[in-house]
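Everything below concerns the one structure shown next.
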Amino acid sequence: MKFKIHTAIGHDGTVAQSPIDTHEAARDFADKLAHLFSVQPARVIHDEYRNSEYVWTNVTVQLPVIGEAVFSVDSRKDARDAVRLYLDNKPTPFIWPEAGKPGEALAEAIGAAARERDAREARRG
């Protein structure tokens, strides 16, 4: 599926390194979510702020009917602790991939969380 990622990157001084390639992870995250849910993202936003001490990244994918999926990366922490994942502003658990693409693994966790959320809502009736 084709979609545009809206990117805003702020720089302040020498750039610190992020624990993952956030540009690749953003593309993989959005691609995998579009594939999992068979829906074109309404909007994909990649916000990033870089300075000499840290890099903070926030990637938001708005999916019709499904909701808003977000992952954040804080370079001040190691890779496993640096990444946070949310579905509709609720923290979403995930298992850090030992191999493969982090963006795809995060999208898989969003898929599982969305299915669990939908099942809970169906039980409530």
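Values in this document were obtained by computation on a predicted structure and should not be read as measured data.
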Check against salt bridge (Lys or Arg N to Asp or Glu O under 4.0 Å), R84 and D74 = CA-CA 9 Å; R84 297 288 180 252; D74 182 345; over 6 Å; no
Just do the side-chain contact (heavy atoms from CB on, under 4.5 Å) check on V70 and N58 with the steps written out, would you?
-> CA-CA 7 Å; V70 177; N58 197 52; 3.2 Å; yes
Check the pair V55, V73 against side-chain contact (heavy atoms from CB on, under 4.5 Å), reporting the backbone distance first and the verdict last.
-> CA-CA 8 Å; V55 177; V73 181; over 6 Å; no
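Put simply, the side chain of T60 does not reach to within 4.5 Å of the side chain of F29, judged on heavy atoms. Side-chain atoms of D47 and T57, non-hydrogen and from C-beta on, never get closer than 4.5 Å to each other. The shortest side-chain heavy-atom distance between E48 and T22 falls under the 4.5 Å cut-off. Looking at F94 and F71, their side chains never come closer than 4.5 Å, going by heavy atoms from C-beta outward.
Rounding to the nearest 0.5 angstrom, the gap separating the CG atom in D31 from the NZ atom in K101 is 8.5 Å. Taking CH2 from W56 and OG from S72, the interatomic distance works out to 6.0 Å, rounded to the nearest 0.5 Å. Taken from CG in L63 to CG in L33, the straight-line distance is 5.5 Å, to the nearest 0.5 Å. Atom CD1 of I95 is separated from atom CG of L106 by 12.0 Å, given to the nearest 0.5 angstrom. The CG atom of D21 sits 12.5 Å away from atom CZ of R27, with the distance rounded to the nearest 0.5 Å.
The shortest non-hydrogen separation linking A109 to T92 is O-CG2, 3.9 Å. Taking each heavy atom of A34 and P41 in turn, the nearest pair found is CB-CD, 3.9 Å. Residues G67 and D88 approach most closely at CA-OD1, 3.3 Å, considering heavy atoms. Annotation for A107 and L36: closest pair O-CD1, 3.4 Å, computed over non-hydrogen atoms. Summarising the geometry of F37 relative to G111, their closest heavy-atom pair is CZ-CA, 3.7 Å, with the distance given to 0.1 Å.
Between K32 and E108, at least one side-chain nitrogen of the basic residue sits less than 4.0 Å from a carboxylate oxygen of the acidic one, meeting the salt-bridge criterion.
Between the R117 side chain and the A113 main chain, no donor and acceptor come within less than 3.5 Å of each other.
Cluster membership for I45 and Y86, using ILVMFWY side-chain heavy atoms within less than 4.5 angstrom, is not shared.
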